[in-house]
Protein chains: 2
Amino acid sequence: MTYENLDAKLVNALLGDGRASLRSLAEELDVSVTTISNHLSDLEEQGVIQGYSPIVDYDALEYDVTAIIQLKVEGNALPDITETLKEHRQMISVYEVTGDYDVIAVGKFRDTDGMNDQIKALLTDPDIKESNTSVVLNAVTENEQFKLDIEQ
Amino acid sequence: MTYENLDAKLVNALLGDGRASLRSLAEELDVSVTTISNHLSDLEEQGVIQGYSPIVDYDALEYDVTAIIQLKVEGNALPDITETLKEHRQMISVYEVTGDYDVIAVGKFRDTDGMNDQIKALLTDPDIKESNTSVVLNAVTENEQFKLDIEQ
DNA sequence: CATCGAGATTTTCGTACGTCATCACGCTCA
DNA sequence: TGAGCGTGATGACGTACGAAAATCTCGATG
C-alpha cells in the first residue's frame, strides 16, 4: 500500500464516521494505531482535513426553507457583495461564478417570511443589478462529501 | 437552562469541534459527562445530528473545479434526473427548485476536462430540455454549517 | 378556582471500570 | 533511509449503573 493510498483510505474511513477512534480506524485499514495517528496528524497539518463537524439536519430544527440566490453585480462591487453575503451566517455557500450571473449563494431560513425579509434586505444594495431566487422544493442531496479515489 | 437550550448549545459546541470529547463538552457547558452523553445520544436518535464528518479540503486533493449546473426537465422525468445526479458521487448537492430551472446541482471535478466529460454525458438525457452551467471562480464560503440560536 | 402535595417520571449526577490516545523508544523491512 | 511496527507508561476517555435532584401529574382540599 502506498503512502498516498493510506491517506485516501483514512480520509474515506473518516468520511464514513468522523468520530471513529484511532483504534477502530487502525483495525479497519489493517495498520497500527501509531501509523493512523501519524497520518492523521499529517493530514490535519497539510490542511487536507480542516476540522470535524457533526452533520446537522436543519430541517429537524425548524429551518425549513432553503433558497438559491443568483446576483448580477457591478463589477468592482463583487468583493463587497460576497463579503456581505458571507457574513450572513445563514448563507451556507457563496460562490463567485462565470455565466449569466456573478454570484450564486445558498441560504437557509426558518420560514418563507424570514427568507423574504433577508433577501429583500440584501437586494437594497445599489450595486446589485439583477437577482433571481429559486426556492428549494426538495434537497435530494446536500453538502455530501464524496469519498476519494483509491489508486490500486 | 432549559432542555432545548442545552441541546442547541451542544450542537453549537460540536459545530466548533466535531471530535471534541464528552469530557471537554461537559466542562464547556458546565454539566456532567453523563448528561452530555445522554443528550448526544438523543440528538443522534432524533436525527438532528445525522453523523460526523471531517471537513475535507478538496482543493488540496486536486479537485480544483466546482460547477453549478441548472437544468430544465420534462415534468415527469424529474425524479429520474435527480436520482441520476444523486448517484454521481461528485455531485455535492442536488436541489429540485422553483424558478427558471427545475434542478440546480453543485459538482466537484478534478479539472475542466473532467467536468466537461461528465456534464456532456449528463446532458445526453433527452428529458433535459435546457441546461446552464456556471463554473465557480471563487468559493467564498462552502457548506458552512451555522450555529443555532440560543433562546435565553 | 387556585393551591397543595404524594407519587411517578424525567433529568442529572458521581463513581467505577475497561478502553483509548499519546508519546518515546528501538526494531524491522524494503 | 524512511515508512511502518510493537511496547510500555500515563493520563484521558466512553459507558454502565444506581442514587439524587428536578419536574410533571392529577386528585384532594380550602
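Bear in mind that the values here come from a model prediction, so they are computed numbers and not experimental data. Proteins come first, then strands; the chains are lettered A, B, ... in the order of their sequence lines, and each starts at number 1.
Across G107(A) and M91(A), no two heavy atoms sit closer than the pair CA-SD, 3.9 Å.
No N or O donor and acceptor, one from the side chain of S21(B) and one from the base of dG14(D), sit under 3.5 Å apart.
Contact annotation for N38(A): no contact, since no heavy-atom pair falls under 4.0 Å across all strands.
As rounded to whole Å, 11 Å separates atom P of dT11(C) from atom CG of L6(B). Atoms CG (N5(B)) and P (dT23(D)) sit 14 Å apart, rounded to a whole Å. Distance CG (D42(A)) to P (dT22(C)): 13 Å, rounded to an integer number of Å. Summarising the geometry, the separation between CG on D7(A) and P on dG4(D) is reported as 8 Å, rounded to the nearest angstrom. A straight line from CG of L22(B) to P of dA21(C) spans 13 Å, rounded to a whole angstrom. Distance, L10(B) CG to dT12(C) P: 11 Å, rounded to whole Å. Going from atom CD of E44(A) over to atom P of dA21(C) covers 13 Å, rounded to whole Å.
Listed nucleotides: dG14(D), dG4(D), dC5(D). Nearest to the side chain of S32(A): dC5(D). Considering only the side chain of V31(A), dC5(D) comes nearest among dC5(D), dG14(D), dT15(D).
In terms of phosphate contacts, T35(A) brings no side-chain nitrogen or oxygen within less than 4.0 Å of OP1 or OP2 of dG4(D). Applying the 4.0 Å criterion to OP1 and OP2 of dA12(D), one finds that R23(B) has every side-chain N and O outside that range. At dA3(D), none of the side-chain N or O atoms of H39(A) fall inside 4.0 Å of OP1 or OP2 (strictly under the cut-off).
Counting heavy atoms of neighbouring residues, nucleotides and ligands inside a 6.0 Å radius, atom CD of E44(A) exceeds 12 of them. Around atom CD of Q50(B), more than 12 heavy atoms belonging to other residues, nucleotides or ligands sit under 6.0 Å away.
Between K9(B) and D30(B) there is no salt bridge, since none of the side-chain N atoms of the basic residue sits less than 4.0 Å from a carboxylate O of the acidic one.
Comparing T34(A) and T34(B) by the nucleotide of DNA chain D that holds the closest heavy atom to each, the one mapping nearer the 5' end is T34(A).
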